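One structure is given below, encoded as structure tokens.
Each chain gets a letter, A, B and so on, in the order its sequence line appears, and its residues count up from 1. Just so you know, these numbers come straight off a predicted model, no measurement behind them.
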There are 2 protein chains.
Amino acid sequence: MPTYTAPVKDSQFILQEVLRVAEQDIPGYDELDAEFTSAVLEEAGKIAQNVLAPLNPVGDRQGCKLENGVVRTPEGFKEAYDMMRAGGWPAVDADPAYGGQGMPAIMNLATGEYFSSANMAFQMYFGLTHGAMSALYAHGSDAQKETYLPKMAAGEWSGTMNLTEPQCGTDLGLIRTKAEPQADGTFKISGQKIWISAGEHDLSDNIIHLVLAKIPGGPEGIKGISLFIVPKYLVNEDGSLGDRNALSCGGLEEKMGIHGNATCVMNYDGATGFLVGEEHKGMRAMFTMMNEARLLVGMQGLAQGSVAYQNALGFARDRLQGRDVTGDKNPDGPADPIIVHPDVRRNLMDQKSMIEGMRAFTLWGATLIDRAHRMGDAEAEAMISLLTPVLKGFMTDKGFETTVLAQQTLGGSGFTREWGLEQFVRDARIAMIYEGTNGVQSLDLVGRKLPSNGGKTIMAFFEMVKTFLKENEGEEALKADFLDPLKAASKDLQAAGMYFMAEGMKNPNNALSGSYDFMILFGHVCMGLMWAKIARTARAALDAGASDRDFYEAKLATGRYYMQRQLPATALHLARIRSGAESVMGLDAANF
Amino acid sequence: MPTYTAPVKDSQFILQEVLRVAEQDIPGYDELDAEFTSAVLEEAGKIAQNVLAPLNPVGDRQGCKLENGVVRTPEGFKEAYDMMRAGGWPAVDADPAYGGQGMPAIMNLATGEYFSSANMAFQMYFGLTHGAMSALYAHGSDAQKETYLPKMAAGEWSGTMNLTEPQCGTDLGLIRTKAEPQADGTFKISGQKIWISAGEHDLSDNIIHLVLAKIPGGPEGIKGISLFIVPKYLVNEDGSLGDRNALSCGGLEEKMGIHGNATCVMNYDGATGFLVGEEHKGMRAMFTMMNEARLLVGMQGLAQGSVAYQNALGFARDRLQGRDVTGDKNPDGPADPIIVHPDVRRNLMDQKSMIEGMRAFTLWGATLIDRAHRMGDAEAEAMISLLTPVLKGFMTDKGFETTVLAQQTLGGSGFTREWGLEQFVRDARIAMIYEGTNGVQSLDLVGRKLPSNGGKTIMAFFEMVKTFLKENEGEEALKADFLDPLKAASKDLQAAGMYFMAEGMKNPNNALSGSYDFMILFGHVCMGLMWAKIARTARAALDAGASDRDFYEAKLATGRYYMQRQLPATALHLARIRSGAESVMGLDAANF
């Protein structure tokens, strides 16, 4: 059985020492002192470790079952769900006016990582509710907010997102689900939605479906899409549950992983729906939901990588096999622990340097969200908008790769169910696909985000890196190991951007052929910046005579590894980008 | 349901046009004319497509069941097994003196790819038998060969390899299974072996276990290991089956994939065993078996990548979503097929260029085996020995990555069981682990193979690349696209070798920290060489006015993609290698 220990110390280090959250000028951050964040993280960690983690293999083996239209979640999920509700975890960062805890988003991401590491399939029930709440909060009417949000914040009701149909995933313009206006102002929703996570289950009393549909007579394609609230049970005026709505779960998808989460075919048969926002403006509201969801999905990559790494490390310390080539390390035992072997160490350092950097990347991203939402800071809004596809695409790719590396650390044991690593691999895999495949993220990045604001935001990113380098240029201890590699990587990113500008004008495929590499390259530069910031913090702590020297030295060693072994990938991605569309599009589709 | 079509045309192209097998001076190759190899490949392809492929999802869902000591394979496996037997497929390249078909090894690999693509879990039953036969053929006594080989060649009996025990996998010196000598010259074998593929099943009448064990009083560690034949049923003098031996399957492993193959705990309780070769020289025989098995495992990486790619391509052609940014390609439809999108194309080209290159790499490797075994060519023997860890490590890593890319092509469908891509990912994953993890392959490469013969073999490899470049230096059509990139990649490999020589002397960890990168770098150079050879062949065919121009142009386009987008990875691997042990080993094991 795999184990999990919430990395509270590392989260605290990022929050309090690297990001210095309590000193930031973001409303609500003044409360985030070390004592407070530690208490929240410890509490979340306990639930993750003691309640959710033991249910992770249970959920994987039992899966969800559909019987007579009712979905049964795995044993223990309901009890865990109720415990999470009682602790207020479904609405950590929701508005207190609607029953939320009112904490900044950063605390939702910091604690969400633990829940997701412990049990990704379980945590998704809350994740979906969170996304639906955000969309309603941003676009719903006051009456809608009052009706739905407090119950959702309390976890009494849960939420879903209904986008995909059999004939359309990425291309939502092809949606066929119809919303026919009724005399009373409601709509009759008819159509089939697929791959609806948490579409039906036995954890909450009601399920609030947010459904994309087309009002007949509206504009063609994506401009004719509207968003509707379609509750499983209609809600009476007094807030109590009324009639069952005309919708049902038509089937559960059999899939590679996240078996504990019900992936439903949802059939809407003239179900009563309530318009959210304006007619035909559904995509705007959906984007609110999706952007946030993308960050949470990026965090899932980190989360699965993190728990997989912990188990790989434990195995590498325990498993005795072979001898250290430079001299026995466990002379009284039959062999040395495999962590002595350089290739095992390389594997572990790949994991560790990726995970710890991604944790910083996630929490830094969260500060931008809070800055945007709590201060209305347009630059922060633009920056997180630019970085969202990078956070989602890079972190889910690398998170998945980390689970594969961790599985490899265990050798044959990694392939067995007993050790649990293979579940992390299977669960992590979906994060590269849902909420827009990572390919779609890269198109969003290169096709939309990069050129937006006339390129001002990417310039602001480069400026930020430059400022950081300038601020620290006197730090000899950081120069060769951190600052120079960051500078080189940032230059590669700039060169890629220049290539797109010059060659994308001639042929858009020159830019689109390099979009994926650009996304990963961008992610590496962000990670390089994170590690440079971590190194500066660790160096300063050591210089100031910090007592926990091993911790800070470990940060420096891990950061050095990232800069020497991971960051040089930027040059490869740049080379691929610069090769343009010719080799990518050179082969006629008919001749594959 | 996934589909599979055996890539006969591509295999024929490699065999007949790139490798020109019939013209090679290897005994038996004169029979390999185009008509003969085509007939064999077509026949194998039919069985793969029509019989084995439909059973692949069946095997995955049903798995194997252990009831009262008997293992039941999935429905249909027995019938398919008997059909394969009837066709002589278990012993394509075995000695006719012992019932084999006597074809060169290259035909076993060429056809084995199809069987493995169609149903990896099923094909493994034959793969294990093949390995056991090779060990017996090389190291058994004449009497042992006569007793066992003809029945195994006929598939009446099957074989296994018993190495791993709970406390030892890579480090076989820790083996505890005992072999106590008896007065009649036999041994009593006692101990537990784990992860024994095909250890018990209902496909064959007898199972011939090859078991590593220690004779009490022998040398410590790996030098005290002997190899034994331990049949499930003892064989009477007349060749009929006698008493059940004292061995049993104690359990089946639950695992991530290859569910159709029984992974057994095998308990030996004083079972009668027969020594193979000399006492304490078991590792030598085991290596015969393992080296061959490693090639077959490398081929499995290709095979899973290949079938995954086919299904990804089919999906990309059918799925309508979005529009070509340079103009509609399917104006009468609701959207264009996704193959028009550059990022989908990039994904497919990554797969295609990898698969086709690996097919050439595999078959070229097979010619070296045939040269070594059929001609006693010591240089070919040394070369394939050097390349074995590269073939195994590179092809299983890249084969797995290819299945992941193919799964990604399908978006959400790729995560569902229905489409079958996720099974290819789960099945392919084991190939990076068994027969020595890829990390162990890299140690074998850098620690043993590279320095063997005083480095003569690696020098011969570089010489071979140089000769190829020289032979073609006048070919302007190949220079920029193929020859120059190959030259640059080969230089990176040489530089890595130089680094190991210079810095590995100072500290062996400097070499060992870069072993994995070296293995992948080496693989890329081999692939670069393959693509350059393919390009030369295609160019010549076009210049000679070949009628099937699209086919050869596609080879050139795919090769160009590999050279521009994949091969530049050599620089990254070199950079990682050159960073040495410092960052890899810099963090004390206690401070992780």
Side-chain angles (χ1 to χ4, degrees), chain A residues 164 169-171 174 195 253-256 313 321-322 325-326 334-335 339 342-343 345-346 349 352 408 411-412 414-417 422 429-430 432-433 437 439 442-443 508-509 512-513 515-516 550 554 557-558 560-561 564-565 568-569 571-572 575-576 579 581 583-587 589 591-592, chain B residues 169-171 174 195 253-256 313 321-322 325-326 334-335 339 342-343 345-346 348-349 352 408 411-412 414-417 422 429-430 432-433 437 439 442-443 508-509 512-513 515-516 550 554 557-558 560-561 564-565 568-569 571-572 575-576 579 581 583-587 589 591-592:
Chain A
T164 307
T170 300
D171 188 352
L174 303 176
W195 303 341
E253 210 70 52
E254 281 191 87
K255 51 200 194 295
M256 184 183 194
L313 176 60
Q321 209 76 175
V325 69
T326 63
I339 197 171
D343 187 64
R345 196 72 73 93
R346 172 215 40 99
M349 290 299 291
K352 183 178 170 67
Q408 193 72 13
F415 199 67
T416 65
R417 290 209 135 186
E422 62 95 31
R429 185 66 185 86
I430 188 60
M432 295 157 70
I433 297 173
T437 64
S442 77
L443 296 189
N509 283 348
L512 296 176
S513 295
S515 63
Y516 208 96
D550 284 347
T558 309
R560 263 183 226 115
Y561 184 91
Q564 286 185 26
R565 293 246 171 185
L572 172 61
R576 287 174 59 108
S579 72
S583 69
V584 175
M585 305 302 288
L587 178 58
N591 295 334
F592 262 74
Chain B
T170 300
D171 189 352
L174 302 176
W195 302 341
E253 211 70 53
E254 282 192 86
K255 51 201 194 296
M256 185 183 193
L313 177 60
Q321 209 76 177
V325 70
T326 63
I339 198 171
D343 188 63
R345 197 71 73 93
R346 170 212 45 95
L348 290 171
M349 290 300 291
K352 183 178 170 66
Q408 193 71 14
F415 198 67
T416 65
R417 289 208 135 187
E422 62 94 30
R429 184 65 184 86
I430 187 60
M432 295 158 71
I433 297 173
T437 65
S442 78
L443 295 190
N509 282 347
L512 296 176
S513 296
S515 64
Y516 208 97
D550 285 347
T558 309
R560 263 182 225 117
Y561 184 91
Q564 286 185 26
R565 294 247 171 184
L572 173 60
R576 287 174 58 108
S579 72
S583 70
V584 175
M585 305 302 288
L587 179 58
N591 294 336
F592 264 74

### Under 4.5 Å from any heavy atom of chain A - which part of B:A571
neither
### Query
Are B:R346 and A:R576 side-chain neighbours, meaning at least one heavy-atom pair lies under 4.5 Å?
yes
### Task
Identify which part of B:I430 has an atom lying under 4.5 Å from any heavy atom of chain A, answering side chain, backbone, both or neither.
both
### Query
So which part of B:P334 gets closer than 4.5 Å to some heavy atom of chain A, the side chain, the backbone, both or neither?
both
### Query
Is it the side chain or the backbone of A:S579 that comes within 4.5 Å of chain B heavy atoms, both, or neither?
both
### Message
Can you tell me which portion of B:T437 sits under 4.5 Å from chain A's heavy atoms? Options are side chain, backbone, both or neither.
### Response
both
### A:V584 and B:Q564: CA distance, side-chain angles, deciding distance, side-chain contact (heavy atoms from CB on, under 4.5 Å) verdict
CA-CA 10 Å; A:V584 175; B:Q564 286 185 26; over 6 Å; no
#### Entry: Residue part contacting chain B, namely of A:T164, when any heavy atom lies under 4.5 Å
neither
## Note on the structure
Closest non-hydrogen atoms of A:L174 and B:Q321, given as atom of the first, atom of the second and distance, are CD1-NE2, 3.8 Å
### Message
Please rank A:G411, A:G586, A:A335 by heavy-atom pairs under 4.5 Å with chain B and give me the top one.
### Response
A:G411
### Query
Highest number of heavy-atom pairs under 4.5 Å with chain A: which of B:G169, B:A581, B:A575?
B:G169
### Query
Of the backbone (N, CA, C, O) and the side chain (C-beta and beyond), which part of B:T416 lies under 4.5 Å from a heavy atom of chain A, both, or neither?
both
#### Entry: Close side-chain approach of B:Y561 and A:L587, heavy atoms under 4.5 Å
no
### chain A contact via B:S513 - side chain, backbone, both or neither, heavy atoms under 4.5 Å
both
## Note on the structure
Pair count under 4.5 Å, heavy atoms only, with chain A: among B:M432, B:R429, B:E253, B:E254, highest is B:R429
### Task
Step by step, work out the side-chain contact (heavy atoms from CB on, under 4.5 Å) result for B:S583 and A:M349.
CA-CA 9 Å; B:S583 70; A:M349 290 299 291; over 6 Å; no
### Message
I'd like to check A:E422 versus B:K255 (side-chain heavy atoms, cut-off strictly below 4.5 Å). Are they in contact?
### Response
no
### Query
Where is the tightest heavy-atom contact between A:P568 and B:L572, given as atom of each residue plus distance?
C-CD1, 3.6 Å
### Message
I need the residue from A:G322, A:P508, A:G412 with the largest number of non-hydrogen atom pairs under 4.5 Å to chain B.
### Response
A:G412
### Query
What residue, out of B:K352, B:R565, B:R345, B:Q408, has the most heavy-atom pairs lying under 4.5 Å from chain A?
B:R565
### Query
If you tally heavy-atom pairs under 4.5 Å against chain A, which of B:A589, B:A554, B:G439 wins?
B:A589
